[in-house]
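See below for the structure under consideration.
Start at 1 and go down the list; that is how both ligands and their atoms are numbered. Residues take their numbers from the sequence shown, with the count starting at 1.
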Amino acid sequence: MLAACRSGNGGEGAGPTTTARAAGPTLRAADLPGDPFTLGVASGDPLDDAVVLWTRLAPEPFAAGGGMPSGDLEVAWELVDDERDRVLDSGTALAAADLGHSVHVDVRGLEPDRPYRYRFMVGDFETPVARTRTAPAPGSGDRLRLGHVSCQMFDQGYYTAYADLAADDDLDLVVHCGDYIYENPSGGQVRDDSLPVATTIDDYRARYALYRSDADLRAAHALCPWIVTWDDHEVEDNYHGSTPKETSTTPDPEEFAARRAAAYRAWWEHMPVRFDSPDGPDLRIHRSLGWGRLAELVVLDTRQYRSDQVCAEGPADIGPRCDAAADPDFTMLGAEQERWLDERLEEVDAAWTALVQGVAVMQWRFAPGNAAWNLDAWDGYPAARDRFLASLRSSGAPHPVVLTGDVHSSWVGALAEDFDDASARPFGTEHIAPGVTSPAPQILRDVLGAVLDHSPHVRWGEADHRGWVRHDVTPDEWRSEYRLVDDVTVEGSAVTTATRWVTPAGGTVTEA
Ligand code: FE
Ligand code: CA
């Protein structure tokens with residue numbers, strides 16, 4: 001139990017990842033041109049004794065450097081109890097100019113399975129009090145209520161899904177499967193995105209500022225801790241590892257490496273993650289977090305290390321597989337992440353193995369033969385997928401549930417060793433979140449029926465609506481509820497449960 005009123009102790013046991021880099025404050029609160037907390041707050045990567053608290057100072061969020069004067073500034077943080085009049089822990093962290101004045105505080109020494117509240121303060125400015133929580137201790141915990149989101153093109157719609165999610169006081173955790181920002185305006189007419197295509201650190205910072213200008217998104221971050229991964233659009237559409245797509249605005253490899261470095265840095269600056277800031281074009285984000293006896297949350301990176309897609313991609317990334325896709329070196333996760341995953345899976349000590357990652361694992365067969373596969377997903381990396389599925393099986397990792405984004409449509413499927421064999425016994429489940437606003441490509445809507453007809457392990461698909469997925473997890477069953485928004489182009493549109501699914505531990509996903 002944390003002692004009350006430990007104010008000013010610098011956060012005993014806290015490991016603020018930002019202070020390690022900077023010498024000391026060179027700015028005072030009086031130097032601020034206005035309220036610096038325009039981007040809200042967030043928390044993330046909860047452990048059973050720790051959670052990361054985040055904010056970033058940006059009094060003028062769209063200006064270069066967020067409108068901050070040059071120099072570093074000390075920011076105070078407080079953990080407060082539910083009544084707010086009692087401070088449980090507090091400290092200061094340095095908002096360093098070279099880290100975009102972002103603040104990441106790794107508060108340690110907390111009690112397991114407990115709600116907490118927190119806020120940040122600079123001078124007379126303070127954030128609203130936000131909620132977070134710790135994970136249950138190993139071997140304990142009765143339930144996990146999980147929000148599952150992805151793909152949120154700002155100009156294509158309202159974040160009604162986040163308003164619905166943020167209204168759920170019982171939510172423990174949100175996982176984001178990527179495409180948190182899009183690097184360019186997407187041509188949507190619903191909300192204004194007049195920012196340029198992002199290639200520099202200031203461009204990417206401005207895009208995060210645009211997305212966080214949405215009050216529903218900020219409310220969702222203030223509700224509970226998030227665990228995030230990324231997909232392509234945090235850098236650029238359909239990049240593969242260190243290779244940009246053919247029509248990239250930065251086709252030169254060195255130019256693309258500099259752009260990836262800027263994009264990864266801006267992502268780190270805006271996400272409540274526990275690792276250090278990147279220094280260059282690489283950032284390891286794959287990691288694993290336990291949630292008591294309920295689940296191990298294994299977070300994968302399906303972008304940074306993947307092989308360049310050499311099979312010819314047609315519209316919406318769909319095309320035939322070429323011989324190169326069968327090459328054992330043709331990788332989705334990269335050799336190092338694959339080895340790490342193999343080891344992690346051996347050690348899972350919980351009822352469920354939840355895999356938070358970017359692109360569809362389940363096979364989508366559009367037609368008999370080899371004419372058409374979604375080459376950007378695991379379908380385009382068949383040898384790598386065989387290894388991934390074999391690893392899930394041979395490790396004996398308890399019931400895998402894959403949580404996915406990317407395709408702007410909802411899908412429920414079973415994991416099987418042979419996706420073409422209708423009698424192959426499923427050993428896992430995959431849920432694909434519909435995306436918060438990003439529209440489904442027309443070609444996907446056109447072929448959805450054919451995919452369902454030709455893919456025996458795909459149980460359900462829906463491409464007409466956006467939304468989010470709520471998962472209620474107990475040691476015995478994994479229940480999933482697809483919350484779909486009537487029309488994301490209309491503010492305040494109705495959100496309803498479209499369908500419910502249940503996977504019994506060790507069993508097969510069925511409609512509930
Ligand atoms: Fe997307
Ligand atoms: Ca994507």
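The two residues Leu345 and Thr353 have their closest heavy-atom pair at CD2-CG2, 3.8 Å.
Closer than 2.8 Å to the Fe ion (ligand 1) sit the protein N, O or S atoms Cys151 SG, Asp179 OD2, Tyr182 OH, His408 NE2. Take a cut-off of 3.0 Å around the Ca ion (ligand 2): the protein N, O or S atoms inside it are Asp179 OD2, Asp231 OD2, Asp232 OD1, Asp406 OD1.
Under 4.0 Å is where a charged nitrogen must lie from a carboxylate oxygen, and between Asp453 and Arg365 no such pair does. Between Arg205 and Asp202, at least one side-chain N (NZ, or NE/NH1/NH2) sits under 4.0 Å from a carboxylate O, which counts as a salt bridge.
Checked against a 6.0 Å centroid threshold, the rings of His431 and His148 do not count as neighbours. Separation of the Tyr182 and Phe154 ring centroids does not fall under the 6.0 Å cut-off. With ring centers used as reference points, Trp267 lies 6.0 Å or more from Tyr180.
Test Arg303, Arg207, Arg259 against Glu236 for salt bridge (charged side-chain N to carboxylate O under 4.0 Å, His left out) and you get one pass: Arg259.
For Asp323, the CG atom counts as loosely surrounded, since its 6.0 Å shell holds 12 or fewer non-hydrogen atoms of other residues, nucleotides or ligands.
Taking the ring centre of Trp373 as origin, the terminal cationic atom of Arg321 falls inside the region bounded by 6.0 Å and 45° from the ring axis.
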